[in-house]
Number of protein chains: 2
Amino acid sequence: MWRVLILRRRGRGPWWHNRFEDFGVRVTEPREVVMEVLLDTEEHLTAADIYVRAHELNPAIGLTTVYRTLDILLQMGIVQKFDFGEGKARYELINNSQSKEHHHHLVCVQCKTIVDYYDFVDEELEFIRKTQDRLSDKYRFHIMDHVISFYGICEKCRMKSQE
Amino acid sequence: MWRVLILRRRGRGPWWHNRFEDFGVRVTEPREVVMEVLLDTEEHLTAADIYVRAHELNPAIGLTTVYRTLDILLQMGIVQKFDFGEGKARYELINNSQSKEHHHHLVCVQCKTIVDYYDFVDEELEFIRKTQDRLSDKYRFHIMDHVISFYGICEKCRMKSQE
DNA sequence: CATCTAAATGAAAATGATTTTCATTATCAA
DNA sequence: TTGATAATGAAAATCATTTTCATTTAGATG
Ligand SMILES: [Mn+2]
Ligand SMILES: [Mn+2]
Ligand SMILES: [Zn+2]
Ligand SMILES: [Zn+2]
């Protein structure tokens, strides 16, 4: 009898079901849909973007629930929230089992295109580690995260503006 | 007669008066006050913060004008706008004649304290230069700026939470 | 399966930052 | 001094996000 239960609760379903359970929240339809949207994209979506796509999959979903779900995912460390200075936040999955590891961004200030880059060179990793140590020590901060973004103009926009 | 005028327009007055003139906007009382507030602080103020302080110096000033002035200063490259994920922007002067050169930030996620750090080590400058070159080349971006921020918990907050 | 309780939901209202509108005022070249 | 134009402030509008609250759902229990 309890064997069936255990199978259901631990074995079956996508990896993140367990994360929800461990975090003490339920796996519900709206939450599944939000995860589905996030898993299905490479983009950096706003809450409204996610709402629109979730809505297509299940029109019952409300924007409020999207916000609430994103907040939970954030607390669980499943998504990362970014602020590129547009007045609204953008979200993307953090390393789920495959793909999407920690990375940095390249932002076009004109068309707002956002490029992920993962291909750190040794020097970059070294830089981050050293700087972090140095700052932790000097300013007595317990550093947990960092954001590195480069801002510029993408090729497409450069072409357009000089035509 | 015209000598007096020329003295007034180029010689006298703070450095940024010329910047305004070159940019084709007037130097007005509200704008002077906003600059005064910015010059007088080491903090990273929100528009509302600036409004409150400006208001003390001259109660006639409106919040709208603070926003408008900040926008002009931004376009002129006199202030830098930051988004630390609080849902509101913060502003600070960029290298005016003295002090405040390009720097990076250390943010306490708990109490929102923001520490500037300028003391880059050679490796850090080297890192930025190299990374920028590499990314410009690979992704064909014309990179103009970057933001590097570390997030963590400051000592004060660490003490508090473990008491 | 039926029942119960806490968790989750969606709609609508509230909030808060920023922007827009518009009628009035200040600036400055002529 | 005057006239054209830029700048201003108050109020309204906008837009992202949060809160409130009445209703629905999940899932444990019997
Ligand atoms: Mn990304
Ligand atoms: Mn700073
Ligand atoms: Zn672009
Ligand atoms: Zn702190």
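Each chain gets a letter, A, B and so on, in the order the sequences are listed, and its residues count up from 1.
Straight-line distance from the CD atom of B:E86 to the C1' atom of C:dT15: 17 Å, rounded to whole Å. Rounded to whole Å, the distance from CD on A:E21 to P on C:dA7 is 16 Å. Spacing between atom CG of B:L70 and atom P of D:dT8 amounts to 12 Å, rounded to whole angstrom units. Regarding B:N58, its CG atom lies at a distance of 12 Å from the P atom of C:dA26, rounded to whole Å. For B:F23 and D:dA7, the CZ to P distance is 10 Å, given to the nearest whole Å. The distance between atom CZ of A:F20 and atom C1' of C:dA8, rounded to the nearest whole Å, is 12 Å. To the nearest angstrom, C1' of C:dA17 lies 11 Å from CG of B:D83. Rounding to whole angstrom units, CD1 of residue B:I72 and C1' of D:dA6 are separated by 10 Å.
Residues that satisfy the salt bridge (Lys or Arg N to Asp or Glu O under 4.0 Å) test with A:D145, not counting sequence neighbours, are absent from this structure. The side chain to side chain contact (heavy atoms under 4.5 Å, CB included) search around A:I72 returns A:F23, A:V25, A:R31, A:M76, not counting sequence neighbours. For B:K156, there are no salt bridge (Lys or Arg N to Asp or Glu O under 4.0 Å) partners at least two apart in sequence or on another chain. Taking B:R68 as the reference, nothing meets the salt bridge (Lys or Arg N to Asp or Glu O under 4.0 Å) condition, with sequence neighbours excluded. Taking B:Y139 as the reference, A:L106, A:V115, A:Y117, A:D119, B:L135, B:F141 meet the side chain to side chain contact (heavy atoms under 4.5 Å, CB included) condition, with sequence neighbours excluded.
In this structure, B:E126 pairs ionically with B:R129, as a charged nitrogen and a carboxylate oxygen lie closer than 4.0 Å.
Out of D:dA7, D:dT8, C:dT9, the shortest distance to the side chain of B:T65 is found at D:dT8.
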Dump the pairs, protein N or O against N or O of nucleotides 18-22 of chain C, anything under 3.5 Å, distances to one decimal.
unit_1	atom_1	unit_2	atom_2	d
C:dT18	OP1	B:A89	N	2.9
C:dT18	OP2	B:Y67	OH	2.5
C:dT18	O5'	B:Y67	OH	3.2

Under-3.5 Å N/O pairs linking protein and nucleotides 3-6 of chain C:
none

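Through ILVMFWY side-chain contacts below 4.5 Å, B:M159 is grouped with nothing and stands alone.
The side chain of B:T28 places an N or O atom within less than 4.0 Å of a non-bridging phosphate oxygen (OP1 or OP2) of D:dT8.
Listed by first and then second residue, the salt bridge (charged side-chain N to carboxylate O under 4.0 Å, His left out) pairs involving residues 76-87 of chain B are B:E86-B:R90 (not counting sequence neighbours).
Each of A:H103, A:H105, A:H102 was evaluated against A:Y118; a single residue qualifies, A:H103, per the ring-ring contact (aromatic ring centres under 6.0 Å, His included) test.
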